[in-house]
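Everything below concerns the one structure shown next.
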Amino acid sequence: MIVVEYIKKTFGFIRKNPGILSSLVLLVVIPAALYYNVKTTVDAFTMNIDEIVQSQVFAAEKMLGVFVVEYPEKAVLQRKVDSVLQSNSEIEFIEITGGEGAGYEPIVSTTREGRRISTDTAKKMRELSSIAWAKNSEGIGFDSNDNGVRQWNVIKPLHNDEGDEVGLIRMAMSVGDADELSRRAQEQAYYVLFGVILLVLILIVNHTRMFQYAVLFGKLREIDKMKDDFISMAAHELKTPVVVMKGYAELLQQAAAKLTEEQRNDRLKAIVSYADNLMSLISDILDVSRIEQGRLVLDMRDESPYATIKEVVDTIKVSADQKGLALEYEDKKQTEPAAVSIDTKRLRQVLINLVGNSIKYTEKGTVTVMTKVDKLHKRFVIAVEDTGLGMSAEAQRSLFQKFYRVKTEHTEHIAGTGLGLWITKAICEQMKGDISIESMEGVGSKFTVTFPLVDIKPQPTVQIG
Ligand code: ADP
């Protein structure tokens, strides 16, 4: 399971950062190229050695062939064969035999001390003797493995001056030293290969880490930019209501007597409304720091959510009316009773934010609040749908990030902090809820929040009499 998770994460990371693919390609390509290089070099080396050994065997036989014809005495021949064996450390065995009529029987034979030609090889040499004779050729060669050492064996006819076959020479030459040499070269090459793979791996891990830092750095810069935007916007949002409130307050202070009662009330209402905006901005900022420091305390109770939803819809209806928008809500308190574990105050905040946004980002049409009891998933669903600006798929991906605001020609004159949805999501999640969005640019948006359903408490029964 852990491995599957890890693989999934890795693939996720690669999909998000395709630049890392070049490192992975390097990880495969560099060792593969090195391996190919080592293998072809070693193979060529082995082939080369085999060819050298074979030609050495043939050269030794050529020399002995001449000798057999010139000095047919057995003792002289034996000495010569012995001395050839001694002077050539790779020759393991030499035997000179008679020809066909002599039944290919050995005339002289010598084997290096401590070595023994295996019975299989000896048998094969005997078997091939008649073929080598009949073929009247350059000879027959085969390789064998005698006691763990690779060996080249050759049987070749010997000729007199007239070119007639006078006998056979059988020889075995060890390729052990050459094999040992190529084995060591191969071993060394594999060590180097292993070292290079390790080095490439370390480099790639480093590169990946640097890559992650680069991604992180990019994100930090983005957040930094958002923060800058937020600070200039917050300063503006904080200053504007204070300036307006101060203006109205001064007017009331200096010229209250000159104003009618209605004018005084209008100014006072405006001051209260600006103070409310200011407070909501300040409480958003405080909420952010509470959430970030894990200090958001919830008062969770099992409650019916309907009363809170209705209260929010009723309160906010004024803003919808002011913009000429219809705000629709069907209270299903009686038809679909439900209970959820929530902090009512925070649910109110979530709904004010979502319905408030729908009104804020909708020019004309309708904002609809819907509820549904999803018994299958044991969730209570609240959806807020509007016929407003909507947003692109790209904007939807970043929507719940802190300070994120969609920047289009339609939104640039609408004030906001980019904190509302981030706070909303954090609150929903802390209440074990969830939030999602479906939206289409120019058509509208639908925000859906869900909370786990809890069992409805039986109504207390009143005993009469
Ligand atoms: P604010 O509204 O203060 O900018 P939010 O976090 O509430 O911050 O929203 C973030 C951004 O999401 C907004 O700036 C806006 O562009 C976009 N948005 C939110 N709700 C809607 C909606 N109902 N319709 C269109 N855009 C929306």
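Note: hydrogens, waters and symmetry copies are ignored here, and every other heavy atom, side chains too, is used. Just follow the structure's listing: the first ligand is 1, and inside any ligand the first atom is 1.
- Under the 4.0 angstrom criterion for non-hydrogen atoms, Lys407 is not in contact with ligand 1.
- Of the protein's non-hydrogen atoms, Leu421 CD1, 3.6 Å is the one closest to atom 9 (O) of ligand 1.
- At a 4.0 Å heavy-atom cut-off, ligand 1 does not touch Thr424 at all.
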**Request:** Decide yes or no on side-chain hydrogen bond (donor to acceptor under 3.5 Å, both in side chains) for Ser283 and Ser280, but give the supporting numbers first.
**Result:** CA-CA 5 Å; Ser283 59; Ser280 100; 5.5 Å; no

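- In this structure, Phe400 has no heavy atom closer than 4.0 Å to ligand 1.
- Looking at every heavy atom in both residues, Asn353 comes nearest to Gly420 through ND2-O, 2.8 Å.
- Sorted by first and then second residue, the side chain to side chain donor-acceptor pair (under 3.5 Å) pairs involving residues 362-373 (not counting sequence neighbours) form an empty list.
- Taking 4.0 Å as the cut-off between side-chain N and carboxylate O, Lys317 and Asp321 count as a salt-bridged pair.
- Closest protein heavy atom to atom 13 (C) of ligand 1: Tyr361 OH, 3.3 Å.
- When non-hydrogen atoms are compared, ligand 1 lies under 4.0 Å from the backbone of Leu419 (N, CA, C, O) but not from its side chain.
- Nearest to atom 11 (C) of ligand 1 among the protein's heavy atoms is Tyr404 O, 3.8 Å.
- Of all protein heavy atoms, the one lying nearest to atom 23 (N) of ligand 1 is Asp386 OD2, 2.9 Å.
- With salt bridges taken as basic N to acidic carboxylate O contacts below 4.0 Å, one links Asp299 and Arg301.
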**Item:** Check against ring-ring contact (aromatic ring centres under 6.0 Å, His included), Tyr306 and Phe380
**Value:** CA-CA 11 Å; Tyr306 290 111; Phe380 185 75; 5.5 Å; yes

**Request:** Show the numbers, then the answer: is there a side-chain hydrogen bond (donor to acceptor under 3.5 Å, both in side chains) between Asp146 and Ser144?
**Result:** CA-CA 6 Å; Asp146 280 39; Ser144 66; 2.9 Å; yes

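- Between Arg405 and ligand 1, a contact under 3.5 Å exists for at least one N or O pair.
- For Lys446, the salt bridge (charged side-chain N to carboxylate O under 4.0 Å, His left out) criterion is met by no residue, not counting sequence neighbours.
- Proximity to Ser358 (heavy-atom distance under 4.0 Å) selects the following atoms of ligand 1: 23 (N).
- Of the N or O atoms in Thr411, none lie within a sub-3.5 Å distance of an N or O in ligand 1.
- For the pair Val406 and ligand 1, the shortest N or O to N or O distance falls below 3.5 Å.
- On a distance-only criterion, Gly420 and ligand 1 share at least one N/O pair closer than 3.5 Å.
- Every atom of ligand 1 with a heavy atom of Gly418 under 4.0 Å away is listed here by number and element: 1 (P), 3 (O), 4 (O), 6 (O), 8 (O).
- Heavy-atom contacts from other residues, nucleotides or ligands closer than 6.0 Å to NZ of Lys39 number 12 or fewer.
- Contacts with ligand 1 closer than 4.0 Å are made by side-chain heavy atoms of Ser445 only, the backbone lying farther away.
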